[in-house]
Number of protein chains: 2
Amino acid sequence: MAGVREEKKRRTRQAILQAAVQLFGDKGYERTSINELAKAAGVGKGTIYSYFQTKSEIFLAFCEDELEQVYAEVAQKTGPDARLTEQLMAFFMGQFRYVTRHKDFGRLLLREMIFPKELTVERSKDLDNSYIDYLSAMCTGAQERGELRRDVDLLFVCGHFYALYLITVSAWYMDRLQTEDDVAGALELLLQQSLEGLLPTGRK
Amino acid sequence: MAGVREEKKRRTRQAILQAAVQLFGDKGYERTSINELAKAAGVGKGTIYSYFQTKSEIFLAFCEDELEQVYAEVAQKTGPDARLTEQLMAFFMGQFRYVTRHKDFGRLLLREMIFPKELTVERSKDLDNSYIDYLSAMCTGAQERGELRRDVDLLFVCGHFYALYLITVSAWYMDRLQTEDDVAGALELLLQQSLEGLLPTGRK
DNA sequence: ACAAAAAGTCGACCGCGGTCGGCTTTTTTG
DNA sequence: CAAAAAAGCCGACCGCGGTCGACTTTTTGT
């Protein structure tokens, strides 16, 4: 009977991802080998590579799920009508808390997402797009409330905010910022700067 | 006679770095194996690891030199009295051109510098500091010329600009920006935003 | 001057991520 | 329903980055 094949594939894929959640979550990405993963998923090593091109691609797939959670958590903490900076802070700090809980993880995810290799570019873009969508929604709301200029490209605004988040996380990874509060403080300051502008007040 | 040892060490270290410049520059970082490097430097594999902790550390050492060149090139193109955005663009685009010429390279360098592992944090900080110094100098000048607010922490201003550069490079790696001109355009726009601010013009 | 100690060198070896050709299972064809 | 074709699965195998203990060279102590 036809269709058996497709069903099996779906199941196998799920088994691999399930094993990944288990093992990555348990002992970390770096300390989980593909062989272990294959064993745990009950398939051969080669099979894994017919579902995913690289180890990090498995990781990104795994992260898509995790990110959903973060989004949900953030949505819970602040509504769509809060002030823009408040929403941004909730969004970014929600992610940051995730990163702090999984430092190695987070580094890898960020590395792949921000400076992807050719092989993972597509997956990174997917993740990135869901990011941008989320931020765009926030910004549109803010524009309607008059908290944000309307004569700017939303993509660039989102990029701008995102950039500030990244540099802050980077500062944390480089040990320039130690505590969560340090990070929050720095990020808020940077966001403030971006809103107010850096020109002297008697401006052009 | 004493001192023979020290001299030899210095020479060996130089030989390794020299071989790295040669091979990394020639066939790229990823496609150069430690074994090759060892052969080319005329030492054993293990020896290399008594001079550097990881392959990427060799790379960072190598990059310190390269960066010097970029700085020099930039200094040549624009003086310290040019408008701030012009200086920033020259500085960042100088680096970007380097990155485009060595895509794999650049990715690795950025990954290590922005999201360093514990092992390379120190080296990354060194590189980063030289960055910040350079940017700080530009900003101080701009402040004196009245192109930049004085009531802001320079570190955060530099971080802000740097963040915008990074997100732009990231967009390039993700294939959202293709040509050098695209990148320059996007970066200039973002810098402009940061100077003018994102608040509506009837602002707080 | 020589032996003991310290420092430095080396390549066989390890487990890893990733590949590939042979094998099994499913689907298609007449 | 059998045989050919297509699709999927597997694990031995590859070169890699990195480790380690045996070995060599330099320094130190007497």
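Side chains included, hydrogens not; waters and symmetry mates left out as well; all remaining heavy atoms used. Quick note on labels: first sequence line is chain A, next is B, and so on, each numbered from 1.
Of the side-chain N and O atoms in Lys9(B), one or more sit less than 4.0 angstrom from OP1 or OP2 of dG8(C). Residue Tyr49(B) places none of its side-chain N or O atoms closer than 4.0 Å to OP1 or OP2 of dC10(C). For dT26(C), the OP1/OP2 oxygens have a side-chain nitrogen or oxygen of Lys8(A) closer than 4.0 Å. For the pair Ser33(A) and dG15(C), the criterion of a side-chain N or O lying under 4.0 Å from OP1 or OP2 is not met. Contact check, Lys45(A) against dC10(D): no side-chain N or O comes under 4.0 Å of OP1 or OP2. The side chain of Tyr51(A) contributes an N or O atom lying less than 4.0 Å from OP1 or OP2 of dC9(D). Between Ser50(B) and dG8(C) there is no side-chain polar atom (N or O) within less than 4.0 angstrom of OP1 or OP2.
Residue Thr32(A) is classed as a sugar-phosphate contact, given heavy-atom separations below 4.0 Å to backbone atoms only.
Separation of the Phe156(A) and His160(A) ring centroids does not fall under the 6.0 Å cut-off.
Arg176(B) has a carboxylate O that lies under 4.0 Å from a charged side-chain N of Asp128(A), or vice versa, which qualifies the two as a salt bridge. Ion pair Arg11(B)/Glu7(B) flagged as a salt bridge, since at least one NZ, NE, NH1 or NH2 atom sits closer than 4.0 Å to an Asp/Glu carboxylate oxygen.
Checking Arg31(A) against Gly46(A), the closest nucleotide of DNA chain C that is more toward the 5' end is the one next to Arg31(A).
Under a 3.5 Å cut-off, the side chain of Asn129(A) and the backbone N or O of Lys125(A) do form a donor-acceptor pair.
Straight-line distance from the CD atom of Glu6(A) to the P atom of dA6(D): 17 Å, rounded to whole Å.
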